[in-house]
Chemist: 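The structure's right below; bear with me while I get my questions together.
All of these numbers come straight from a predicted model, not from anything done at the bench. In the text below, chain A, chain B and the rest are named by the order of the sequence lines, each starting its count at 1.
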Amino acid sequence: MKPSIPRGTRDFGPAEMQKRQYIFNILKTNFQLFGYAPIETPSMENITTLTGKYGEEGDQLIYKVLNSRIHESKDDKKEILKKEFNIALEKSYNSELLTEKALRYDLTVPFARYVVMNHHSLTYPFKRYQIQPVWRADKPQKGRYREFYQCDADVIGSDSLVNELELLAMMDKSFSELHIPVVVKFNNRKILSGIAEILNASDQIIDITVAIDKLDKIGKEGVVKELLEKGISETAIKQLEPLIDLSGSNNDKVTVLNTFLSNSEIGKKGIEEINFLLSNLKTINIQHIKVELDITLARGLNYYTGTIFEAKANAGTFTPSILGGGRYDDLTGIFGLKGLSGVGISFGVDRIYDVMEELNLFPPDVNKVSTTKLLLAYFSEAEQAHCIGLAAKLRSKGINTEVYPDVAKMKKQFEYADKKQIPFVGVIGSNEITNNTIMLKNMLAGTQEEVGFETLTEVLK
RNA sequence: GUAGAUGUAGCUCAGCUGGUUAGAGCAUCGGUUUGUGGUACCGAGGGUCGAGGGUUCGAGCCCCUUCAUUUACCCCA
């Protein structure tokens, strides 16, 4: 049989893992720097935990896990199962008789579930980070995978906007260290609610926001067309126009919003929040990222209620969203714990990787297949034991060392070192054993000299 | 789900309007008198041309079906 892996999933070889771990390490270090503690949750959740949290589209993309051993069901249950299955063949339908588990779709909802289940042992505000894969039953394409890693940082149990500011500071530091030019767009769901309220279309808020969200993709006419298709009235669309045309600096935009939303309480609250963030950007000393208010930013996830974030690379031709996040005022409410507001962001490592690859941003020492510093090569079995012993001594000094495991021609051993980009080869023959030395070759320079153990460790440090 | 593109050696591809034993580069393995790689030279192995059917004297090439990969729409990290 031909080996293969499911569509949209990938293997990661040593060279890729080296680079992936480089990203993970930077994010992890920064999460800890800002006081987030790690947790992990299972790959599978009860399906009821996940459904209804991601919008209609999102629910369709949840990977369902078929209940096991259904063939062992009793006959009368089998009859019911057949009926359920027939329904599922006709329409989108969830039956716990068929599937009671599903693969996690993101890390935020499982986190909310975790918080509710561990409410009494947590110290609030609770700050956690989580680095795990998620699965989406999407059709894969460039930058879109069915299995990918999210790196989430969330604070729950505090509605202070200081949390948003700290998240921005953390994004700034992380993207700066990764050397990715980034624009972070932000908006506030309250603004969007306010707009819908002003337009007298509160129940169509999702349709409106989703349409506006596509502005830079399909243009103004496209947006208007989509709004009409969704049944938004022409007068409402006319009203909306100044917002679709909105441009200029962050403060210019706020000015326009101020007039537009002057009769909406929730809208005014949104402006207040946005102003707080804007006026404090200087305080947190943003160095690297561009922060931009974008009222067309909507984000599909249903649970956001306040600030929303999205980041894209600001260079190159491949600029998918590499970070998303926002505030959710009542995600835990669904699981029976009211009044816990949270805010968080999610770094998409796989896309960050793709962007960094395109922009050639991985440092040279990360861009290699092996971390071995020295390969010990030898001529015959007579020197083998000596090499093993020497390797042990070098490793105790913290030097990454390999011994070529087979007795082989020098050529072969050097080819091995070359392919693995090992920078030094130590040749051991009878001369070296007699002299208690090692013939140390610098693979990059092509030079070599006979050195003692002291010099060896000095050079390889 | 809808639409397009592509499936030929391990990888990247060539293969003219259908015409003999299907090619190249890279990779792999071996060698260039054996204490030295990355550059050179010589040689070798490796292909049911995605799969199935059809048209034809003859199909990698044309037609149908099917599968896979990929891009776009939708939505998203």
Chemist: Would you measure the distance from the P atom in B:U39 across to the matching atom in B:G35 and give it in whole Å?
Modeler: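 The same atom, P, in both gives a distance of 22 Å.
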Chemist: Please pick, from B:G37, B:A72, B:C76, the nucleotide with the shortest atom-to-atom distance to any side-chain atom of A:Arg136.
Modeler: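 Closest of the options to the side chain of A:Arg136: B:C76.
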Chemist: List the steps, then state whether ring-ring contact (aromatic ring centres under 6.0 Å, His included) holds for A:Tyr378 with A:Tyr404.
Modeler: CA-CA 8 Å; A:Tyr378 53 95; A:Tyr404 199 83; 7.6 Å; no
Chemist: Expressed as a whole number of Å, how far does the C1' atom of B:U12 sit from that of B:A59?
Modeler: 25 Å
Chemist: Across all strands shown, which nucleotide pairs with B:G35 by Watson-Crick or G-U wobble geometry, both distances under 3.5 Å?
Modeler: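 By the stated definition (distances under 3.5 Å), nothing pairs with B:G35.
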Chemist: What does the B/S/- profile of nucleotides 25-33 of chain B look like, 5' to 3', with a 4.0 Å heavy-atom cutoff to protein?
Modeler: ---S--SB-
Chemist: Are A:Tyr36 and A:Tyr129 near enough that their ring centres are under 6.0 Å apart?
Modeler: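 Distance test on ring centres: not under 6.0 Å, no.
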Chemist: So which one's nearest nucleotide on RNA chain B is more toward 5', A:Asp418 or A:Asp350?
Modeler: A:Asp418
Chemist: For a salt bridge (charged side-chain N to carboxylate O under 4.0 Å, His left out) check, start with the C-alpha distance between A:Arg113 and A:Glu45, then their side-chain angles and the critical distance, and finish with the verdict.
Modeler: CA-CA 10 Å; A:Arg113 190 227 77 220; A:Glu45 291 281 345; 2.5 Å; yes
Chemist: With a 3.5 Å cut-off and just heavy-atom distances, do the side chain of A:Glu432 and the base of B:G35 make a donor-acceptor pair?
Modeler: yes
Chemist: When we call it a touch if two heavy atoms are under 4.0 Å apart, what does A:Gly143 touch: a base, just sugar-phosphate, or nothing?
Modeler: base
Chemist: Taking the minimum atom-to-atom distance to the side chain of A:Val427, which one of B:A77, B:U36, B:C75 wins?
Modeler: B:U36
Chemist: Reckon A:Lys142 touches a base, only the sugar-phosphate, or nothing at all at heavy-atom distances under 4.0 Å?
Modeler: sugar-phosphate
Chemist: Check the phosphate of B:A72 against A:Gln141, side-chain N and O only, distance under 4.0 Å to OP1 or OP2. Yes or no?
Modeler: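 Result: yes.
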Chemist: Any strand counts, and the cut-off is 3.5 Å on both contacts for Watson-Crick or G-U wobble. Which nucleotide pairs with B:A72?
Modeler: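 The answer is B:U2, by the H-bond criterion.
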Chemist: In whole Å, measure the gap between the C1' atoms of B:A14 and B:C76 for me.
Modeler: 39 Å
Chemist: Sort out the partner of B:C26 for me: Watson-Crick or G-U wobble, both distances under 3.5 Å, none otherwise.
Modeler: B:G10
Chemist: Using the ring pair (Phe, Tyr, Trp, His ring centres under 6.0 Å) definition, which of the options A:Tyr149, A:Phe175, A:Phe309 pairs with A:Phe347?
Modeler: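 Exactly one pass, corresponding to A:Phe175.
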Chemist: Identify the nucleotide, in any strand shown, that forms a Watson-Crick or G-U wobble pair with B:U66, with both distances under 3.5 Å; if there is none, say none.
Modeler: B:G50
Chemist: Could you identify which residues of residues 314-325 of chain A place a heavy atom less than 4.0 Å from some atom of RNA chain B, listed by residue number, or say none?
Modeler: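 When residues 314-325 of chain A is checked for heavy atoms under 4.0 Å from RNA chain B, the hits, listed by number, are A:Ser321, A:Ile322, A:Leu323, A:Gly324.
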Chemist: Give one of base, sugar-phosphate or nothing for A:Tyr145, where a contact means two heavy atoms less than 4.0 Å apart.
Modeler: base
Chemist: So what does A:Glu310 touch, heavy atoms closer than 4.0 Å: a base, only the sugar-phosphate, or nothing?
Modeler: nothing
Chemist: Suppose you measure atom P in B:G60 against the same atom in B:G15; what distance do you get, rounded to whole Å?
Modeler: 16 Å
Chemist: Test side-chain contact (heavy atoms from CB on, under 4.5 Å) on A:Tyr54 and A:Leu61 and set out the steps.
Modeler: CA-CA 9 Å; A:Tyr54 306 111; A:Leu61 298 178; over 6 Å; no
Chemist: P atom, B:C42 versus B:G4: distance in rounded Å?
Modeler: 49 Å
Chemist: What about A:Gln413, does its side chain sit under 3.5 Å from the base of B:U36 through a donor-acceptor pair?
Modeler: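 Side chain to base: no pair below 3.5 Å.
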Chemist: Please, which pairs that meet side-chain hydrogen bond (donor to acceptor under 3.5 Å, both in side chains) have at least one residue in residues 422-433 of chain A, sequence neighbours excluded?
Modeler: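 side-chain hydrogen bond (donor to acceptor under 3.5 Å, both in side chains) check on residues 422-433 of chain A returns no pairs.
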Chemist: For nucleotides 67-69 of chain B, tabulate all protein N/O to nucleotide N/O atom pairs closer than 3.5 Å, reporting atom names and distance.
Modeler:
{"unit_1": "B:U69", "atom_1": "OP2", "unit_2": "A:Arg7", "atom_2": "NE", "d": "2.8"}

Chemist: B:G37, B:U36, B:G35: which one has an atom nearest the side-chain heavy atoms of A:Asn431?
Modeler: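 The closest nucleotide is B:G35.
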Chemist: Write down the atom of A:Leu168, the atom of A:Leu281, and the distance for their closest heavy-atom approach.
Modeler: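 That would be CD1-CD2, 3.9 Å.
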Chemist: For a side chain to side chain donor-acceptor pair (under 3.5 Å) with A:Asp154, tell me which candidate from A:Gln130, A:Arg327, A:Arg128 qualifies.
Modeler: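 Among the candidates, only A:Arg128 passes.
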Chemist: Does B:A59 pair with anything, Watson-Crick or G-U wobble, both distances under 3.5 Å, and if so, with which nucleotide?
Modeler: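 Looking at the geometry, B:A59 pairs with no nucleotide.
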Chemist: Taking B:C29 as the reference, what is the distance to B:G7 when you measure between their C1' atoms (whole Å, please)?
Modeler: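 After rounding to an integer number of Å, I get 28 Å for this pair.
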Chemist: Taking the side chain of A:Phe148 as heavy atoms from C-beta outward, which of B:A72, B:A77, B:G37 is closest to it?
Modeler: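 Of all the options, the side chain of A:Phe148 is nearest to B:A77.
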Chemist: Check the side chains of A:Gln150 and A:Asp106 for a donor-acceptor pair under 3.5 angstrom, ignoring hydrogens and angles.
Modeler: no
Chemist: Mind checking what makes salt bridge (Lys or Arg N to Asp or Glu O under 4.0 Å) contact with A:Arg104, not counting sequence neighbours?
Modeler: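 For A:Arg104 there are no salt bridge (Lys or Arg N to Asp or Glu O under 4.0 Å) partners, ignoring immediate neighbours.
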Chemist: Looking for any heavy atom pair under 4.0 Å, which part of the strands does A:Lys312 touch: base, sugar-phosphate only, or nothing?
Modeler: nothing
Chemist: For B:U71 versus B:C26, give the span between their C1' atoms, rounded off to a whole number of Å.
Modeler: 27 Å
Chemist: Return the value, rounded to whole Å, for the distance between atom CE of A:Met443 and atom P of B:G38.
Modeler: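 Checked: the CE to P distance equals 9 Å.
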Chemist: Suppose you measure atom C1' in B:U36 against the same atom in B:C16; what distance do you get, rounded to whole Å?
Modeler: 49 Å
Chemist: Between A:Glu449 and A:Lys441, is a salt bridge (charged side-chain N to carboxylate O under 4.0 Å, His left out) present by the stated rule, with each step listed?
Modeler: CA-CA 7 Å; A:Glu449 61 174 329; A:Lys441 176 153 183 177; over 6 Å; no
Chemist: Look for any protein N or O under 3.5 Å of an N or O in nucleotides 1-5 of chain B and output each such pair with its distance, or none.
Modeler:
{"unit_1": "B:U2", "atom_1": "O4", "unit_2": "A:Lys139", "atom_2": "NZ", "d": "2.7"}

Chemist: Go through the steps to decide whether A:Leu293 and A:Phe186 satisfy the test side-chain contact (heavy atoms from CB on, under 4.5 Å), and finish with yes or no.
Modeler: CA-CA 5 Å; A:Leu293 172 61; A:Phe186 79 104; 4.0 Å; yes
Chemist: What contact category does A:Glu147 fall into here, base, sugar-phosphate, or nothing, at under 4.0 angstrom with non-hydrogen atoms?
Modeler: nothing
